[in-house]
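Below you'll find the structure, written out as structure tokens, and then a few comments.
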Amino acid sequence: MDDTLLTVRAAEGDEEAFAVLVRRHAPALVRMATRLVGNRSEAEDAVQDAFISAWRKLPEFRGGSAFGTWLYRIVTNRCLNLLRARKSEAPLEAARYLAAPEHSVGPERITESRAAMRDLQRALAVLSAEQRACWVLRELDGQSYEFIADAVGITQQAVRARVFRARRHLTATLGAWR
């Protein structure tokens, strides 16, 4: 079944239809949230809260966007609230999920990869929560500017500006790793 039919059935109170939607969307949402907040436990909590909120608000969902986009927006907002509440120097554990596949496992390669991930964590921690969200959704999740704008609740132009500023910062900060 497609999301549209499942959403309609779930809005009518069909718990099994909603459970299918949860199973379908949860893995991608947890990955995205983990990359945003840097902590899998907090990411899972944010996604769980988002699903609870979605279940409660499902009768109000009018289908102006796809169900998945609506969920991304709820999860992104939860993550942004978590990030805003933190101190800006909080470490980002999510960078370990960004590591490239290991082609050689020698000690030099492992040490170099760890150093690069540490530098990336520091560079990402300096970004604003909104820049980090836009960058993660674009660069790591491969989402379109239109999708990100819907998910974050800003214009496509604002998304492009935030991604551009994040890229510029990361390029300048991580220039030694080129």
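Numbering of residues begins at 1 and proceeds along the displayed sequence.
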Sorted by chain and residue number, the ring pair (Phe, Tyr, Trp, His ring centres under 6.0 Å) partners of Phe164 (sequence neighbours excluded) come out as none

d(His25 NE2, Thr69 OG1) to nearest 0.5 Å is 9.0 Å

CZ of Phe61 to OG1 of Thr7, rounded to nearest 0.5 Å, is 6.0 Å

- Compare all side-chain heavy atoms of Arg165 with those of Ser128 and state whether any distance is below 4.5 angstrom. no

Any chance CD of Gln156 has more than 12 other-residue heavy atoms, nucleotides or ligands included, within less than 6.0 Å? yes

Task: Min side-chain heavy-atom separation Val159-Leu137 under 4.5 Å - done: no

Correct closest heavy-atom pair for Ala46 and Cys79 would be CB-SG, 4.3 Å

Legend entry - Ion pair Glu130/Arg84, N-O distance below 4.0 Å: yes

### Message
Assigning hydrophobic clusters by single linkage (Ile, Leu, Val, Met, Phe, Trp, Tyr; side-chain heavy-atom cutoff under 4.5 Å), is Ile52 placed with Val37?
### Response
no

request  = Could you check if a side-chain atom of Cys134 sits within less than 4.5 angstrom of a side-chain atom of Arg138, using non-hydrogen atoms only?
outcome  = no

Residue set satisfying salt bridge (Lys or Arg N to Asp or Glu O under 4.0 Å) with Arg56, at least two apart, ordered chain then number -> none

Margin query: Membership question, hydrophobic clusters at under 4.5 Å side-chain separation (ILVMFWY): are Leu58 and Val22 in the same one?
Written below: yes

Q. Do you reckon Leu6 sits in the same ILVMFWY cluster as Val8, going by side-chain contacts under 4.5 Å, direct or chained?
A. no

- Would you indicate whether the side-chain heavy atoms of Leu29 and Leu71 approach each other to under 4.5 Å? yes

Value for CZ (Arg35) from CZ (Arg132), rounded to nearest 0.5 Å, stands at 14.0 Å

Which of Asn77, Val75, Thr76 passes side-chain contact (heavy atoms from CB on, under 4.5 Å) with Arg73? Answer is Asn77

| query | So, Arg162 and Glu139, do they make that salt bridge, N to O below 4.0 Å? | reply | no

Sequence neighbours excluded, the answer for ring pair (Phe, Tyr, Trp, His ring centres under 6.0 Å) partners of Phe147 is Tyr72

Rounded to the nearest 0.5 angstrom, the CG-CD distance for Leu83 and Gln131 is 12.5 Å

Ala123 and Leu170 have their tightest heavy-atom pair at CB-CD2, 3.5 Å

Practice prompt. Check whether any side-chain heavy atom of Trp70 lies under 4.5 Å from a side-chain heavy atom of Ile74, and answer yes or no.
Written response: yes

Check: Going by heavy atoms in the side chains, are Asp141 and Arg31 under 4.5 Å from each other?
Finding: no

Are any non-hydrogen side-chain atoms of Thr171 and Arg168 less than 4.5 angstrom apart? no

Between Met32 and the options Thr34, Leu36, Val30, the side-chain contact (heavy atoms from CB on, under 4.5 Å) test singles out Leu36

